[in-house]
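Contents: one structure, followed by commentary.
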2 protein chains.
Amino acid sequence: MLGMEGDLLKGHLDAIVLAALAGEAAHGYAVIEAIRRRSGGVFNLPEGTVYPALHRLEKAGAVNSDWTTAPSGRRRRVYALTPQGRATLDRHRDVWRAFAEAVERVMADSGGGGGNGGGLGDHPPPLAGAP
Amino acid sequence: MLGMEGDLLKGHLDAIVLAALAGEAAHGYAVIEAIRRRSGGVFNLPEGTVYPALHRLEKAGAVNSDWTTAPSGRRRRVYALTPQGRATLDRHRDVWRAFAEAVERVMADSGGGGGNGGGLGDHPPPLAGAP
DNA sequence: CACTAAGCCTAGCGTCACTAGGTGTCAAGC
DNA sequence: GCTTGACACCTAGTGACGCTAGGCTTAGTG
């Protein structure tokens, strides 16, 4: 099991949630599923992680929410990116690139590294959240 | 300033420190400089971050240390990876790949993304620690 | 009716990078 | 000689924040 790996996405959660909303508005539960699906099952975030993040983002003005009633009759709170949220996402993306490249540079060399190469397209086990 | 971005490397610090030691043994201060140099200045980690990490890694058996006296006459504690540490690094690398790919997948799409393209090779401002 | 899935919410915990402060050595400047 | 600054190490305490663990409601299914 890899679930024991600590808070890997500490500081990256906002970026991930915003990215999940970039394509189209969605309600909280759908955000969770979108993240799980898009990440290939790697990010299986519990509700207690995503809902507070959405509230935080709304308070910060990055998203706004509307209560709607789904065709099934259930009430949902649908979140959408604001223009400011889109800008925040862009900034997060830049920060992410810089961060990822930096980690890659530090890890590159050391002999063993690099060789890996492929690996894309698989469905690795979740790294976070596993109820 | 980007320094305000929270604990981006929460959970990734061990991997970074281990990677910095993968090439050759080094003392704490040199580890800090190696990380800063290799990351292109992005990771400018304060001592209060790296020393506890090294102690933690030593207690975990991933590195061992030897007190030496530098030609300059100063006492240094030189850390080296143990075989177990090398295995830990490999595991961290795998976890990192999975994590990074997952984030990339979540961020990819949303229209704006992907287009960025270049940007590699620059020396962006530090994301963490800047005294 | 019981039970599951959908859908939302929040108080509190635990982790861990970072702040802020401390020690001591060596070289250079005034 | 005394201060400044780089080198080199250490640690107690703080704070942010993802996550656990709980609780709530409604719709479908047996």
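Naming convention: chains lettered A, B, ... in sequence-line order (proteins, then strands); numbering from 1 in each chain. Here the structure is a predicted model, which means the values were calculated and not measured.
- Where B/Gly11 and A/Arg77 each meet DNA chain C at their nearest nucleotide, the meeting point lying more 5' is that of A/Arg77.
- Residue A/Trp67 is the one, among A/Trp67 and B/Asp14, whose nearest nucleotide of DNA chain C lies closer to the 5' end (criterion: closest heavy atom).
- Salt-bridge annotation for B/Arg97 and A/Glu104: present, with a side-chain N of the basic residue lying under 4.0 Å from a carboxylate O of the acidic one.
- Between atom CZ of residue A/Arg86 and atom CG of residue A/Leu81 there is a gap of 5.0 Å, rounded to the nearest 0.5 Å.
- Listed by residue number, B/Tyr51, B/Pro52, B/His55 are the residues of residues 49-61 of chain B with a heavy-atom contact under 4.0 Å to DNA chain D.
- Residues of residues 26-34 of chain B having a heavy atom closer than 4.0 Å to DNA chain C: none are found.
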What side-chain donor-acceptor pairs closer than 3.5 Å can you find for residues 20-36 of chain B, not counting sequence neighbours?
from: B/Arg36; atom 1: NH1; to: B/Asn44; atom 2: OD1; distance (Å): 2.7

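- Looking at heavy atoms from C-beta onward, B/Val63 lies in side-chain contact with B/Leu18 at the 4.5 angstrom threshold.
- The CG-C1' distance, from A/Asp7 to C/dC18, rounds to 15 Å in whole Å.
- Atom pair A/Arg36:CZ and C/dA5:P shows a separation of 12 Å (rounding to whole Å applied).
- For the helix from C/dC1-D/dG30 to C/dC30-D/dG1, the axis fitted to the five pairs at one end and the axis fitted to the five pairs at the other end meet at an angle of 0° (nearest 10 degrees).
- The backbone N or O of A/Gly61 sits less than 3.5 Å from a side-chain atom of A/Thr82, completing a donor-acceptor pair.
- For the pair A/Arg75 CZ and C/dG7 C1', the computed distance is 11 Å after rounding to whole Å.
- B/Ile16 has its side chain within reach of B/Phe43: a pair of non-hydrogen atoms, C-beta onward, lies under 4.5 Å apart.
- With respect to B/Asp94 and B/Arg91, no salt bridge is recorded, no charged nitrogen being found less than 4.0 Å from a carboxylate O.
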* To do: Apply the test side-chain contact (heavy atoms from CB on, under 4.5 Å) to residues B/Val103 and A/Trp96: give CA-CA distance (whole Å), side-chain angles for both, the deciding distance (0.1 Å), then the verdict.
  => CA-CA 9 Å; B/Val103 173; A/Trp96 163 255; 3.5 Å; yes

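- Taking atom CG of residue A/Asp66 and atom P of nucleotide C/dC8, one finds them 13 Å apart after rounding to whole Å.
- For B/Thr69, the side-chain contact (heavy atoms from CB on, under 4.5 Å) test picks out B/Arg75, with sequence neighbours left out.
- The distance from atom NE2 of A/His12 to atom P of D/dA16 is 18 Å, rounded to the nearest whole Å.
- Computed from coordinates, the A/Leu45 CG to C/dC9 P distance equals 17 Å when rounded to whole Å.
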Residues 49-60 of chain A side chain polar contacts: donor-acceptor under 3.5 Å, at least two apart:
from: A/Arg56; atom 1: NH2; to: A/Asp14; atom 2: OD1; distance (Å): 2.9
from: A/Glu58; atom 1: OE1; to: A/Arg77; atom 2: NH2; distance (Å): 2.9
from: A/Glu58; atom 1: OE2; to: A/Ser65; atom 2: N; distance (Å): 3.2
from: A/Glu58; atom 1: OE2; to: A/Ser65; atom 2: OG; distance (Å): 2.7

* **Per-nucleotide protein contact string for nucleotides 21-30 of chain D (B base, S sugar-phosphate only, - none; heavy atom under 4.0 Å)** => B----BS---

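- The interatomic distance linking A/Tyr79 (OH) with C/dG7 (P) rounds to 14 Å, in whole Å.
- Between the B/His92 side chain and the B/His12 main chain, no donor and acceptor come within less than 3.5 Å of each other.
- The side chain of B/Arg76 approaches D/dC9 more closely than any other nucleotide in the set C/dC9, D/dC9, D/dC19.
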* To do: Show the numbers, then the answer: is there a side-chain contact (heavy atoms from CB on, under 4.5 Å) between B/Leu9 and B/Leu45?
  => CA-CA 11 Å; B/Leu9 44 73; B/Leu45 306 183; 3.9 Å; yes

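- Heavy-atom minimum distance, B/Gly40 versus A/Arg105: N-NE, 4.1 Å.
- Looking at heavy atoms from C-beta onward, A/Val42 lies out of side-chain contact with B/Val106 at the 4.5 angstrom threshold.
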